[in-house]
Each structure stands twice: as C-alpha cells, then as structure tokens.
Amino acid sequence: MNPDETHIALWLDDELSGDELAEIDAWAVKHPEQLRKREDLRRFRSQIANVIPASEPLPFAEFFMARIQQGIMAQEPSRSRIAWKTWLMPVAACAAVIFAFSLGRGTLAFEKNQAISPATNLYIPEEGVSATWVAGSKSKPGILVLEGVRAIPDSTNFSETVYVPSARESDQTAIHQPINPEKTEQ
Amino acid sequence: MILPYRSFFCLLLSALLSMTFASAQQDSGRTRIGQITVRVYFATNANPADARTRAKEVDKKTAAQLRGSEHLHFTHYRVLGEETQEIFRSYENWSQPLKPSDEILVRFEPNQHSLSDSVSLDLELWLARKKILKTDAVLHAKQALFILGPEWRGGRLIIAITPIL
C-alpha cells in the first residue's frame, strides 16, 4: 500500500506515531531513498538545534522579510546624496520647455525664408489620374501636372456664361457663395 | 453703500460669466487671414479662335511666366474665368472660378498658422463634381501655384491659385 504525500511528509518530519508510523516504516523498507531522505532531515534539524537554542522559536516568514528589508535599507543610498534631484528636475523641465519653444520659433523663421515648399502630400482619389509636383521658388511658380484627367467635353461652353471681371472689379472681394458639390445631389 | 458679502460675489460671478459669454461669441476661426484668387486659363498651340471662346487674352507678363515653364508652355493663352475668395483661419472655403459652371472648383483651408508673406493650405481640386486632387502647399504672397488641368477644345485648362496676404 502506497501512502499519500501528506503522510510521507509527516513521516519525514518524525510527526507520525502509532499504527501510521509502523505502516509507513514498513513501506519505507522497500524504498531506501526515503530512508536516506529522513536521515538527512534528522541530521539537518540536529544542526539547526545546535545553532538556535530550543527556547527560541524557529525562523518563519516575518523573520525572513525583516532580514530582507534590512538588506535593502543597507544598500539604499542616503537621502543627503540624492537631495539635489528634488530641485534639479523642475529646473530641467523648465529648461526643456524653453528649449522646445526656442526650437519652434527657429523653425518658423526657417520656413519664412523657404521657397515654395514641395507638396508633402498628394492624394489622387480618381483612378487613372496621376500628379507630378514641380517645385517652385520665389522666382519660379510651383506647378502640379495632372495626367489622365477626363477631358471636358467640347460641348461645354464657358464663354457664353462665364464672367470675366474687369481689372477694377477683380480687386473686390467676391460676394457669391460657390456651390459645394459635397452637398449637391447628383 | 457697501454691498453685502453674498451680493458682491454674485455680482462678480455674473460679470465673469458675461465676459466669458461675450468672448465666446467671437469666433476666431472666422478671422480673415487673407484672400485667394483662382484663375482659369485656356492654353493652346492651335488657333484660339477655333475654340470658339470669347475669353480675354492674357497680359504679356503672365504669358511670359507661363511660357517659362516647360509644362505650361503653349502658344496662346486666354483667361476663362477668375474668382477671389476669403481665407478663414479655421474654416474651409470654396472657389468657383467659372461660375455659374461648377466644372472646376477649388476647396482650400489653412492647416497651420500663416506668416506675413505665406500661408499653408490644404487644397482640393474638383473637376466635374469629382475630387481629383488633394494636396498641401505653402504659398507665398502673390506667387501663384499652377495646376495643369484637363483638356478642352484642343487645348488645356491651367488653374492658377494665388494668395493675397
């Protein structure tokens, strides 16, 4: 009959007595490794008992936690050595904000002296249409060349109705509101 | 007469709320930061009379500027239409340079704070009520952006977008 692990553990710690002890002693005869294990544990307990007096309780979890905490405190640097960080960090944060602000202003000044910048984003939703950007400068205009766009039918007549303002009229702000194709039903 | 403590703070709170309400009525997004002129040219190497258009001939300076670019080099140029619209700080606007036709529309909206001599715009070109192109560009004052557009009656339409800041 094989004992369960709980009884084996109690037998190893010499916690059993009576019939239970006799039963597992008989089982252990056929398992010499268990006998060796029990002897090792008895030798270990004897060594502990020689170091720690019987009147004192054996170490348990709180003891070990306290020893760990003492070890951490022994390794922690003193407060006086890191006190400078408490005032340096807000100063460093302010300096970083000032630096970032100055960097931004420098970027604006740089853009002011730039020629017409190339288009950074080109989106062509219509299939078959392509666009090429030809960068300009202060003396040359920027050009977007569209290819593949559907031709306007020749029957479309702009000249009959288009309004070409005179030189004086073109100086005035337009008052007509254009049609928004997104809102117009097709 | 000294106001009671509670009445004084009620009055002060009312004044603060009124100031906040009044400032909220002013929509800074509608602030005008400039204007944009969209002009449509008809460019052709053939006889412009064949296009049966009564559009005006462009001035020599503009013609020279257009011919200076290999992409815009044509023999003849005509102005088909033009419109000037406001650039609002935080709102989009549309230009319909060939009104009443909506064959060509340009949508624009600032995408960054403008400087005194340039403006960064989100631009959309709509042809025949379809969005053909969306792009962003920094435009300098009185410096046009040209778009070589669709073919029409043996030539091509060129859309010129010029900011007035």
Side-chain angles (χ1 to χ4, degrees), chain A residues 108-109 111-112 114-126 129 131-167 169-174 176-182 184 186, chain B residues 35 37 40 42 51-56 65 68-69 71-72 79-86 93-96 98-103 105 113 115-118 120 125-140 143-154 157 160:
Chain A
L108 282 175
E111 284 182 355
K112 192 173 181 179
Q114 281 278 35
I116 295 180
S117 305
T120 55
N121 296 297
L122 274 177
Y123 171 59
I124 314 291
E126 202 62 15
V129 177
T132 305
W133 174 264
V134 180
S137 64
K138 289 208 169 179
S139 59
K140 289 181 62 177
I143 302 171
L144 271 170
V145 180
L146 293 176
E147 296 295 343
V149 181
R150 185 185 67 87
I152 297 175
D154 289 350
S155 58
T156 303
N157 200 348
F158 300 122
S159 61
E160 296 298 329
T161 56
V162 70
Y163 170 65
V164 181
S166 62
E169 288 167 320
S170 64
D171 291 338
Q172 297 174 357
T173 303
H176 297 288
Q177 291 300 319
I179 297 172
N180 185 339
E182 290 177 321
T184 305
Q186 294 189 358
Chain B
Q35 292 181 313
T37 298
V40 180
F42 170 67
R52 305 184 308 279
T53 174
R54 295 185 289 117
K56 297 195 304 184
Q65 184 184 31
S69 168
H71 301 282
L72 305 178
V79 180
L80 277 185
E82 173 185 312
E83 185 184 51
T84 298
Q85 285 284 354
E86 306 291 329
N93 204 350
W94 291 79
S95 174
Q96 186 182 3
L98 298 181
K99 56 167 59 72
S101 170
D102 56 2
E103 187 68 34
L105 297 171
H113 291 295
L115 302 177
S116 59
D117 62 347
S118 66
S120 178
L125 175 66
W126 291 66
L127 300 176
R129 298 189 176 188
K130 291 181 181 178
K131 187 190 297 185
I132 298 299
L133 168 72
K134 180 178 172 66
T135 186
D136 56 357
V138 177
L139 303 182
H140 289 262
Q143 180 77 318
L145 165 66
F146 292 97
I147 302 176
L148 182 60
E151 296 178 358
W152 180 67
R153 293 187 180 177
L157 298 189

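Lettering of chains follows the sequences in order, A, B, ..., and the numbering in each one begins at 1. All values reported here derive from a predicted model rather than from experimental measurement.
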>> Between B:Thr135 and A:Tyr123, does the side-chain contact (heavy atoms from CB on, under 4.5 Å) criterion hold? Intermediate values first, please.
In response: CA-CA 6 Å; B:Thr135 186; A:Tyr123 171 59; over 6 Å; no
>> Before you tell me yes or no, could you show the steps for A:Phe158 and B:Phe42 under side-chain contact (heavy atoms from CB on, under 4.5 Å), namely the whole-Å CA-CA distance, both residues' side-chain angles and the distance that decides it to 0.1 Å?
In response: CA-CA 11 Å; A:Phe158 300 122; B:Phe42 170 67; over 6 Å; no
> Step by step, would you call B:Glu103 with A:Ile152 a side-chain contact (heavy atoms from CB on, under 4.5 Å)?
Replying inline: CA-CA 8 Å; B:Glu103 187 68 34; A:Ile152 297 175; 3.7 Å; yes
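The nearest pair of heavy atoms linking A:Ile143 to B:Ser69 is CD1-OG, 2.8 Å. Across B:Leu127 and A:Val149, no two heavy atoms sit closer than the pair CD1-CG1, 3.4 Å. Residues A:Pro125 and B:Leu133 approach most closely at CD-N, 4.4 Å, considering heavy atoms. Annotation for A:Pro141 and B:Ala144: closest pair CB-O, 3.5 Å, computed over non-hydrogen atoms.
Using a distance-only test at 3.5 Å, with no hydrogens or angles considered, a donor-acceptor pair links the side chain of B:Asp136 to the main chain of A:Asn121.
The CD1 atom of A:Ile124 sits 11.0 Å away from atom NZ of B:Lys131, with the distance rounded to the nearest 0.5 Å. The distance from the NE2 atom of B:His71 to the CG atom of A:Leu146 is 12.0 Å, given to the nearest 0.5 Å. The CG atom of A:Leu144 sits 12.0 Å away from the CZ atom of B:Phe146 when rounded to the nearest 0.5 Å. We find the OG1-CG distance between A:Thr132 and B:Leu148 to be 10.0 Å, quoted to the nearest 0.5 Å. Note: A:Arg150 CZ to B:Lys130 NZ = 6.5 Å, rounded to the nearest 0.5 Å.
Proximity to chain A involves both the backbone and the side chain of B:Ile147, based on heavy atoms less than 4.5 angstrom apart. Interface residue A:Val145: backbone and side-chain heavy atoms are both found under 4.5 Å from chain B.
Ranking B:Leu125, B:Val40, B:Ile132, B:Leu72 against chain A, the residue ahead of the rest is B:Ile132, based on heavy-atom pairs under 4.5 Å.
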